[in-house]
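In what follows, a single structure is set out as structure tokens and then discussed.
The sequence lines fix the lettering, A, B, ..., with proteins before strands; numbering per chain opens at 1.
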There are 2 protein chains.
Amino acid sequence: MALGKDYARQDCAVARALEVVGERWTMLIIRDALYGVRRFSDFLARLDIPRAVLSQRLQSLVDAGVLEKAGHEYAITETGKELWPVVHALARWGERHFGDRAPVRLYCHAGCGARLAADGTCPECARPVPLEEVELRPGPGAPVRDDPVSVALREPHRMLTPVRT
Amino acid sequence: MALGKDYARQDCAVARALEVVGERWTMLIIRDALYGVRRFSDFLARLDIPRAVLSQRLQSLVDAGVLEKAGHEYAITETGKELWPVVHALARWGERHFGDRAPVRLYCHAGCGARLAADGTCPECARPVPLEEVELRPGPGAPVRDDPVSVALREPHRMLTPVRT
DNA sequence: ACTCCAAGTTCATTCAATGAACCATCAGGC
DNA sequence: GCCTGATGGTTCATTGAATGAACTTGGAGT
């Protein structure tokens with residue numbers, strides 16, 4: 001399997017997780033699903049991913065119980081929501097070590113407005129912030145994408161609430 | 001790029017991170033590097049990865065500053081150590097949702113012996129556990145691999161300390 | 001029935017993963 | 001000096017997935 005989900009001989013929970021979310025594009029699909037993207041065409045517009053690959057990845061994620069399909073919408077499940085710490089940790093790491101400009105997007109506590117700490121807690125409230133209370137805000141490093149979904153996300157947006165295009 | 005590091009049009013820290021650590025095998029290499037694996041042949045034995053791919057991945061990680069090569073050893077850098085929250089979060093997620101048997105490996109606080117909570121804190125000491133104080137212990141789900149590195153890791157092992165084969 | 005559009009499939013091409021075989025370098029031993 | 005084995009790679013033919021364009025399907029509205 002060229003890039004795939006097969007770490008068969010690895011006796012390890014990390015490998016098990018990567019069989020589900022370790023393929024190319026998958027983590028970005030989950031990121032967007034956490035943001036509230038739900039429609040096939042919206043994932044397509046934001047990811048620049050071939051339709052065939054998107055179709056296959058969405059199906060895999062549904063099979064794994066990370067997404068749930070209802071009509072033409074893919075919504076993230078509880079299992080999927082529990083990937084938020086992984087996505088957040090990756091974002092902070094990428095930003096800290098490979099962010100050539102200012103952050104493009106900030107994760108804030110909707111209640112008090114403070115930016116989340118690296119460990120996902122709110123520095124103001126001194127407690128972990130549940131995903132539902134996280135608000136996406138555009139950061140100082142202006143994003144350049146101009147597809148409808150990315151444009152919609154230039155406004156502050158509560159995590160998990162469907163993105164309207 | 002088939003599976004690769006190219007998420008060029010993604011204006012996002014997650015994508016930036018995945019360009020470095022998102023390719024097949026890379027995260028497992030980092031997992032092992034955090035455990036203390038350092039030699040080419042040891043990664044090879046534990047991962048069942050083609051030599052050519054391992055060689056290329058190690059080089060990429062050195063280029064990105066995640067690993068550091070000294071002689072014939074690849075050691076993890078500070079940048080690499082900061083991926084521990086990502087690896088730990090992935091492991092807990094994989095274990096919770098896709099662990100068909102009992103955990104193969106436990107992450108414990110070397111001081112008090114308690115198992116780390118999902119957020120990386122020690123439930124006994126009620127504080128975050130620095131990577132240096134994390135101890136690997138074999139879990140109740142017996143691992144089946146019998147390469148020298150995996151065998152060595154059946155003993156309790158402090159994170160980052162070189163694995164002796 | 002007709003139109004439109006989002007969703008998804010098909011397919012030829014490209015490019016990376018795979019695994020076996022080969023090469024390079026170094027450390028002992030003779 | 002020269003053999004021998006161990007380690008750390010590189011090379012290369014093959015396989016299979018990613019890509020992107022073209023095509024098909026299915027439902028909503030009129």
Side-chain angles (χ1 to χ4, degrees), chain A residues 1-10 15 18-29 32-33 36-63 67-75 147-149 152 162-165, chain B residues 1-10 15 18-29 32-33 37-64 67-75 147-149 152 162-165:
Chain A
M1 189 158 299
L3 146 46
K5 349 185 196 196
D6 188 20
Y7 297 107
R9 300 172 76 56
Q10 290 298 313
L18 290 172
E19 287 181 4
V20 178
V21 298
E23 288 177 292
R24 182 154 160 72
W25 298 113
T26 302
M27 214 65 190
L28 295 181
I29 292 172
D32 280 2
V37 175
R38 288 168 167 239
R39 299 218 317 272
F40 188 93
S41 56
D42 286 345
F43 286 110
L44 204 60
R46 235 172 91 74
L47 295 175
D48 292 320
I49 180 180
R51 308 171 79 87
V53 177
L54 177 59
S55 175
Q56 197 226 83
R57 292 293 188 277
L58 289 171
Q59 187 58 54
S60 300
L61 289 171
V62 169
D63 292 346
L67 299 180
E68 225 163 20
K69 186 172 184 179
H72 277 173
E73 302 220 318
Y74 296 88
D147 60 273
V149 186
V163 176
R164 307 179 314 108
T165 53
Chain B
M1 188 159 299
L3 150 43
K5 348 185 197 199
D6 187 21
Y7 296 106
R9 300 172 75 57
Q10 290 297 314
L18 289 172
E19 286 180 6
V20 178
V21 298
E23 287 177 294
R24 183 153 158 72
W25 296 115
T26 303
M27 214 66 190
L28 295 180
I29 291 173
D32 280 2
V37 174
R38 287 165 168 243
R39 301 217 317 270
F40 188 93
S41 56
D42 286 345
F43 284 109
L44 204 61
R46 235 172 91 75
L47 294 176
D48 292 321
I49 181 180
R51 308 170 80 88
V53 177
L54 177 59
S55 176
Q56 197 226 84
R57 291 295 187 276
L58 289 172
Q59 188 57 54
S60 299
L61 288 171
V62 168
D63 292 347
L67 298 180
E68 226 163 20
K69 186 171 184 177
H72 278 171
E73 303 221 317
Y74 297 87
D147 59 274
V149 185
V163 175
R164 308 180 313 107
T165 53

Take Phe40(A) and Leu54(A) through the test side chain to side chain contact (heavy atoms under 4.5 Å, CB included) and record every step on the way to the result. CA-CA 8 Å; Phe40(A) 188 93; Leu54(A) 177 59; 3.9 Å; yes
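- Counting all heavy atoms, side chain and backbone alike, Leu47(B) lies closest to Asp32(B) at CD2-OD2, 3.7 Å.
- For Lys69(A), taking side-chain heavy atoms from C-beta onward, the closest of the listed nucleotides dG8(D), dG8(C), dA7(C) is dG8(C).
- OP1 or OP2 of dG8(D) has at least one side-chain nitrogen or oxygen of Ser41(B) nearer than 4.0 Å.
- Atom CG of Leu58(B) is separated from atom P of dT10(D) by 10 Å (rounded to the nearest Å).
- Between the P atom of dG8(C) and the CG atom of Asp42(A) lies a distance of 12 Å, rounded to the nearest Å.
- Among the nucleotides dG8(D), dT9(C), dT10(D), the one closest to the side chain of Ser55(A) is dT9(C).
- Using modelled atom types, one side-chain atom of Ser60(A) and one backbone atom of Gln56(A) make a donor-acceptor pair closer than 3.5 Å.
- Here the side chains of Tyr74(B) and Arg38(B) are not in contact, with every heavy-atom distance at 4.5 Å or above.
- Remark: the backbone N or O of Arg24(A) is paired with a side-chain donor or acceptor of Arg57(A) at under 3.5 angstrom.
- For Arg38(B) and dG8(D), the CZ to P distance is 13 Å, given to the nearest whole Å.
- Residue Tyr74(B) places at least one side-chain N or O closer than 4.0 Å to OP1 or OP2 of dG9(D).
- Rounded to an integer number of Å, the gap from Arg57(A) CZ to dA7(C) C1' is 18 Å.
- Between the CD1 atom of Ile29(B) and the P atom of dA17(C) there is a distance of 11 Å, rounded to whole Å.
- Rounded to whole Å, atom C1' of dG8(D) lies 6 Å from atom CZ of Phe40(B).
- With rounding to whole Å, Ile49(B) atom CD1 is found 15 Å from dA20(C) atom P.
- Remark: P of dG26(D) and NE2 of His72(A) are 10 Å apart, rounded to the nearest angstrom.
- Within the 4.0 angstrom heavy-atom criterion, no nucleotide atom of any strand lies near Phe43(A).
- For Arg51(A) against dG20(D), no side-chain N or O and base N or O form a donor-acceptor pair under 3.5 Å.
- For Arg24(B) and dA16(C), a side-chain-to-base donor-acceptor distance below 3.5 Å is absent, hydrogens and geometry of angles not being considered.
- Of the candidates dA17(C), dT19(D), dT11(D), the closest approach to any side-chain atom of Ala52(B) belongs to dT11(D).
- Contact check, Gln56(A) against dA18(D): a side-chain N or O comes under 4.0 Å of OP1 or OP2.
- A sub-4.0 Å separation between OP1 or OP2 of dT18(C) and a side-chain N or O of Trp25(B) is present.
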